[in-house]
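By convention in this document, chain letters (A, B, ...) are assigned in the order of the sequence lines, proteins followed by strands, and residues within each chain are numbered from 1.
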Number of protein chains: 2
Amino acid sequence: MTPEIKRIMVKLVASASCSPNASRHKIELPAKASNANVVKEKVLMNGVCIKQLKAISEKRLYHTIFHHMSTESACPHNPTISCNDCRLSSLCLPLGFTRSELTEIDEMIKQRPLLQKGDVLYRTSDLFEHIYVIRSGCIKTAILTPQGEEKITGFYLPGDIIGMDGIDNEHYSNSATALDTTSVCKIPFDQIEVLATQLPSLQRHMFTIMSREIVSDQQTMLILNKNKAEARICAFLISLSNRFQRQNLSATRWTLPMSRGDLANYLGLTIESVSRVFTKLRNLQVISIDKRDITINNIDHLQAAANMQDM
Amino acid sequence: MTPEIKRIMVKLVASASCSPNASRHKIELPAKASNANVVKEKVLMNGVCIKQLKAISEKRLYHTIFHHMSTESACPHNPTISCNDCRLSSLCLPLGFTRSELTEIDEMIKQRPLLQKGDVLYRTSDLFEHIYVIRSGCIKTAILTPQGEEKITGFYLPGDIIGMDGIDNEHYSNSATALDTTSVCKIPFDQIEVLATQLPSLQRHMFTIMSREIVSDQQTMLILNKNKAEARICAFLISLSNRFQRQNLSATRWTLPMSRGDLANYLGLTIESVSRVFTKLRNLQVISIDKRDITINNIDHLQAAANMQDM
DNA sequence: CGCCTTCTTGATTTTTTTCAACACGAGTGG
DNA sequence: CCACTCGTGTTGAAAAAAATCAAGAAGGCG
């Protein structure tokens with residue numbers, strides 16, 4: 001590990017105190033981080049393992065750390081943090097709760113599982129009992145077709161809530177799989193229901209997040225309806241950029257959480273088509289790509305390409 | 001009007017008494033109805049106009065009437081029918097309500113607007129105040145793209161509930177337009193919220209129907225993800241067939257509620273592609289088509305084509 | 001070092017769109 | 001009653017786009 005990277009990491013880890021008032025980071029990835037230098041140590045933050053990979057490039061490690069740092073004020077993946085201290089609570093819970101109401105909710109969310117890349121949170125037709133809030137990392141949800149193929153229905157980032165598709169018939173209609181080291185809050189839905197009858201603002205909040213999921217699914221349908229591969233991918237990149245920005249991450253420089261295969265599956269294209277569009281956009285200087293690290297150089301062009309006439 | 005058709009119509013209209021116990025119809029369209037004979041009269045049922053067209057073929061009129069008859073026990077489009085008597089109440093409301101609770105809900109749903117073909121129920125960015133239950137007819141919902149194009153997000157049939165996309169940011173994100181003579185129940189959402197805190201089963205029901213909408217949107221994404229036009233259209237026809245069957249209509253013989261253009265828009269194809277697939281399916285004897293009247297001759301082939309390998 | 005997964009690139013084939021013409025019925029007006 | 005137009009749907013030929021098939025590059029990992 002180069003001294004430069006070590007210095008930044010130490011600084012980051014040091015600022016990760018479990019305090020609700022810790023200032024929010026706005027971090028850009030410096031070009032100094034290199035893929036050449038490989039870190040073989042386990043990386044711990046406040047005693048929690050955030051990377052189990054045996055070898056990881058400095059650049060990727062740096063990405064991982066600042067990603068976790070900027071999505072939560074306190075220790076990423078730390079299962080002991082309460083809703084009172086959680087930076088995501090504004091997304092997760094309605095505003096205006098009293099301290100005692102918050103504590104009541106905190107009591108309800110006892111479990112905050114830590115998933116490693118590839119771990120399955122729930123499977124299609126598992127009994128529906130919980131909804132989950134993503135605290136860090138990334139989750140993909142997918143439906144199994146009658147032919148046994150997996151069709152990805154969404155990618156979920158910190159602050160997003162998943163599992164609500166299971167309310168209808170008591171079983172999840174999707175499966176949920178971690179694309180990276182991911183921590184989630186596991187919330188028992190029956191307790192939500194009871195609490196929601198007592199706290200109208202919680203009931204309203206539940207309606208709101210479900211409505212938001214409906215709108216977001218329809219936005220996805222909109223992207224899939226664009227018939228040009230380039231338009232789909234550009235629209236997806238813009239949507240991802242906006243979501244990172246909402247997490248106070250850079251809007252123009254980030255790492256794709258998913259593989260080309262997952263992306264192609266989600267967008268209804270083949271891997272080859274995705275790869276070709278990426279190459280084309282890179283040749284046009286619209287984006288720079290290094291494996292899954294994306295830099296957006298020309299957001300206007302991306303926007304124009306996403307909106308291209310397609311019916 | 002031929003005597004044969006007149007006889008059937010009189011029989012149908014006669015059985016349309018406003019009684020909750022009226023038996024449900026299971027009706028097939030007889031081949032005798034002809035497109036040649038044109039009805040130029042207004043058609044009334046229990047004093048409510050169900051067709052305003054100046055000229056309509058017997059066949060289409062017959063379709064219209066039995067469609068309305070079989071979706072409701074009582075007078076179609078009749079705004080005075082109460083939830084107590086509505087045949088759709090099992091879809092619309094949770095089971096196990098007491099008579100007084102039902103009356104309370106009935107009180108809340110005072111308005112049951114009647115829409116003619118092309119009428120707009122609400123527009124994108126209208127203030128969200130109501131959700132709507134389709135009682136008869138068909139509604140399409142659509143999102144306006146930044147370029148001003150309309151992208152259809154769904155088709156809704158009797159028993160379906162629309163407008164829940166508006167909860168999130170106080171404004172509808174879709175517009176809703178009638179594709180046919182359509183009646184809806186207009187339900188004030190703020191009153192739903194108040195009532196739902198008092199009646200846990202109503203709260204649960206709201207969560208359920210929103211969850212169902214999420215699942216249904218994801219099913220649509222699944223159809224759009226199939227990259228072959230034939231697979232998309234076959235999957236859509238099967239889905240429509242199932243929905244008609246759920247309304248106790250024939251699963252194999254019905255009328256497309258939407259134009260080729262709307263269908264193409266919804267499926268992310270061009271009008272020409274839709275037309276070509278229809279022609280191909282007709283040549284293969286899989287379906288018969290007469291304008292918008294569809295007869296499914298070979299459901300297995302349709303199923304196989306819908307499931308065709310496409311990734 | 002070699003195996004495996006992921007990603008890229010090229011050549012070919014299939015599919016769909018696009019452009020253009022035409023058919024048909026409904027509604028209109030002479 | 002008949003020509004006319006308009007909206008809707010069909011069909012054909014050419015062009016564009018994406019899938020498919022095939023091969024190879026790069027990096028993680030044992």
Side-chain angles (χ1 to χ4, degrees), chain A residues 34-40 51-61 117-118 179 224-233 255-265 267-283 289-294 305 308-311, chain B residues 34-40 51-61 117-118 179 224-233 255-265 267-283 289-294 305 308-311:
Chain A
S34 153
N35 273 323
N37 301 311
V38 169
V39 180
K40 298 225 177 192
K51 265 295 164 188
Q52 288 194 322
L53 290 181
K54 290 194 176 168
I56 183 173
S57 75
E58 276 185 4
K59 194 167 180 178
R60 192 139 180 74
L61 174 60
K117 182 175 175 173
L179 293 178
L224 289 173
N225 235 330
K226 296 174 191 290
N227 42 28
K228 300 241 189 318
E230 193 177 338
R232 290 190 206 186
I233 290 176
T255 303
L256 275 179
M258 73 292 292
S259 71
R260 300 284 192 278
D262 282 345
L263 186 49
N265 183 318
L267 293 176
L269 302 167
T270 56
I271 291 185
E272 294 96 323
S273 294
V274 171
S275 183
R276 270 184 252 271
V277 170
F278 274 172
T279 304
K280 184 183 170 189
L281 292 174
R282 192 183 44 198
N283 291 343
I289 316 176
D290 176 18
K291 301 230 82 183
R292 293 191 192 174
D293 298 335
I294 307 263
M308 69 201 272
Q309 223 59 355
D310 47 17
M311 294 294 294
Chain B
S34 152
N35 273 320
N37 301 312
V38 169
V39 180
K40 297 223 176 192
K51 266 294 164 189
Q52 288 194 323
L53 289 182
K54 289 192 178 171
I56 183 173
S57 74
E58 276 185 5
K59 194 167 181 180
R60 191 139 180 74
L61 174 61
K117 182 174 177 176
L179 292 178
L224 289 174
N225 236 330
K226 296 174 190 289
N227 43 29
K228 301 241 191 316
E230 194 178 337
R232 290 191 206 187
I233 289 177
T255 303
L256 274 179
M258 73 292 291
S259 70
R260 300 284 192 278
D262 282 345
L263 186 49
N265 183 318
L267 294 175
L269 301 167
T270 56
I271 290 184
E272 294 94 325
S273 294
V274 172
S275 182
R276 270 184 254 271
V277 170
F278 275 171
T279 303
K280 184 182 169 190
L281 292 174
R282 191 184 44 197
N283 292 342
I289 316 175
D290 175 19
K291 303 227 79 181
R292 293 192 189 171
D293 297 335
I294 307 264
M308 68 201 273
Q309 222 59 354
D310 48 18
M311 293 292 295

K.L.:
Quick one, A:Ser259 and A:Arg292 - any side-chain contact, counting heavy atoms below 4.5 Å?
P.N.:
yes

K.L.:
To the nearest Å, give me how far apart CG (A:Leu179) and P (C:dT6) are.
P.N.:
12 Å

K.L.:
Can you spot which of B:Leu281, B:Val274, B:Thr279 makes a side chain to side chain contact (heavy atoms under 4.5 Å, CB included) with B:Val277?
P.N.:
B:Leu281

K.L.:
Is the shortest side-chain heavy-atom distance between B:Phe278 and B:Leu256 below 4.5 Å?
P.N.:
yes

K.L.:
Does any pair with a residue in residues 267-278 of chain B pass salt bridge (charged side-chain N to carboxylate O under 4.0 Å, His left out), and if so which ones, sequence neighbours excluded?
P.N.:
none

K.L.:
May I have the distance from A:Asp262 (atom CG) to C:dT5 (atom P), rounded to whole angstrom?
P.N.:
15 Å

K.L.:
side-chain contact (heavy atoms from CB on, under 4.5 Å) with B:Ile271: which residues, sequence neighbours excluded?
P.N.:
B:Arg260, B:Ala264

K.L.:
List in chain and number order the residues that pass side-chain hydrogen bond (donor to acceptor under 3.5 Å, both in side chains) with B:Ser273, two or more places apart in sequence or in another chain; answer none if no residue qualifies.
P.N.:
B:Thr270

K.L.:
Please report the distance, rounded to the nearest Å, between CG in A:Asp293 and C1' in C:dC7.
P.N.:
14 Å

K.L.:
In degrees rounded to 10°, what angle is found between the helical axes fit to the five outermost pairs at each end of the helix from C:dC1-D:dG30 to C:dG30-D:dC1?
P.N.:
30°

K.L.:
Side chain to side chain contact (heavy atoms under 4.5 Å, CB included) for B:Lys117 and B:Leu179? Distances and angles first, verdict last.
P.N.:
CA-CA 5 Å; B:Lys117 182 174 177 176; B:Leu179 292 178; 5.9 Å; no

K.L.:
Do side-chain atoms of A:Asp293 reach the backbone of A:Thr255 as a donor and acceptor pair under 3.5 angstrom?
P.N.:
no

K.L.:
If the sugar-phosphate is the primed atoms plus P, OP1 and OP2 and the base is the rest, what is the B/S/- string for nucleotides 5-18 of chain D, using protein heavy atoms under 4.0 Å?
P.N.:
----SBBBB---SS

